[in-house]
Amino acid sequence: MLKWNGDAIKKKVLEAAKHGVDKTMSEAVIEAKRHHPGWKNVTGTAEGSINVVKFAEEEGQRVRGVWGSPDVDYMIWLELKHGSALRSSADKTYPRLQRHIKEAFR
């Protein structure tokens with residue numbers, strides 16, 4: 001007789017994916033706050049605005065979270081004209097997502 005564990009495994013994979021996305025976003029936030037060589041932190045507004053906006057949630061067959069700087073309009077100017085803090089942070093931290101999911105699944 002075969003015992004079906006598919007639903008439990010799917011749930012575990014989903015939870016591991018959410019954990020992995022949250023951990024990766026959190027690392028991206030820290031990286032962006034600490035490393036923005038193209039611009040200097042003067043008032044703390046731009047740097048302080050970088051946060052996880054929406055922690056990972058299931059959206060159909062996907063897991064999605066949002067991080068960035070949603071409340072500071074001039075952040076786009078800093079990103080495009082003075083050195084990318086958000087983009088370079090993503091480039092550095094996103095490759096770790098797979099490892100984070102694997103670690104959470106164990």
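Residue numbers run from 1 in the order of the sequence given. Because only heavy atoms are used, hydrogens play no part in the values below, and waters and symmetry mates are left out as well, while side chains stay in. A quick note: this is a predicted structure, and the numbers were derived from the prediction, not measured.
- Taking each heavy atom of Ser49 and Ala46 in turn, the nearest pair found is OG-O, 2.6 Å.
- For the atom pair His35 NE2 and Ile30 CD1, the distance stands at 11.5 Å (nearest 0.5 Å).
- A search for side-chain hydrogen bond (donor to acceptor under 3.5 Å, both in side chains) contacts involving Tyr94 returns Trp67, not counting sequence neighbours.
- Checked by atom type and distance alone, the side chain of Glu31 never pairs as donor or acceptor with a backbone atom of Ala90 at under 3.5 Å.
- Looking at Lys3 and Asn5, their side chains come closer than 4.5 Å, going by heavy atoms from C-beta outward.
- Counting heavy atoms from C-beta outward, Glu57 and Arg64 have side chains that stay 4.5 Å or more apart.
- Note that the CG atom of Leu86 and the CG atom of Leu78 stand 9.5 Å from one another [nearest 0.5 Å].
- A salt bridge links Glu103 with Lys23: the distance from a Lys NZ or Arg NE/NH1/NH2 to an Asp or Glu carboxylate oxygen falls below 4.0 Å.
- In this structure, the side chains of His82 and Trp77 come closer than 4.5 Å at one or more pairs of heavy atoms.
- Closest approach of Trp39 to Met75, counting heavy atoms only: CZ2-CE, 4.1 Å.
- No donor-acceptor pair closer than 3.5 Å links the side chain of Ser69 to the backbone N or O of Ile50.
- Using a 4.5 Å cut-off on side-chain heavy atoms (C-beta onward), His100 and Glu27 make contact.
- Note that the NZ atom of Lys12 and the CG atom of Asp7 stand 15.0 Å from one another [nearest 0.5 Å].
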| request: Give the C-alpha distance, both sets of side-chain angles, the deciding distance and a yes or no for salt bridge (Lys or Arg N to Asp or Glu O under 4.0 Å) between Glu58 and Lys10. | output: CA-CA 12 Å; Glu58 182 180 4; Lys10 283 171 65 175; over 6 Å; no

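- By the 4.0 Å N-to-carboxylate-O rule, Asp91 lies close enough to Arg87 to be salt-bridged with it.
- Pairing each heavy atom of Ala17 with each of Ile101, the nearest pair is CA-CG1, 4.0 Å.
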| field | Steps toward side chain to side chain donor-acceptor pair (under 3.5 Å) verdict (Ser84, Glu79) | value | CA-CA 4 Å; Ser84 172; Glu79 281 289 298; 2.8 Å; yes

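- Among all heavy-atom pairs drawn from Met25 and Val66, the shortest one is SD-N, 3.4 Å.
- Heavy-atom minimum distance, Gly65 versus Val21: N-CG1, 4.1 Å.
- Cluster annotation: Val72 is not connected to Val53 through the hydrophobic network of ILVMFWY side chains, with a link wherever side-chain heavy atoms come within less than 4.5 Å.
- Although no hydrogens or angles enter the test, the distance criterion places a donor-acceptor pair under 3.5 Å between the side chain of Asn41 and the main chain of Gly44.
- The two atoms that bring Ala56 and Asp22 nearest to each other are N-OD1, 2.7 Å, heavy atoms only.
- Separation of atoms CZ (Phe105) and CD (Glu15) is listed at 12.0 Å; rounding is to 0.5 Å.
- The backbone N or O of Lys33 lies less than 3.5 Å from a partner atom in the side chain of His36, making a donor-acceptor pair.
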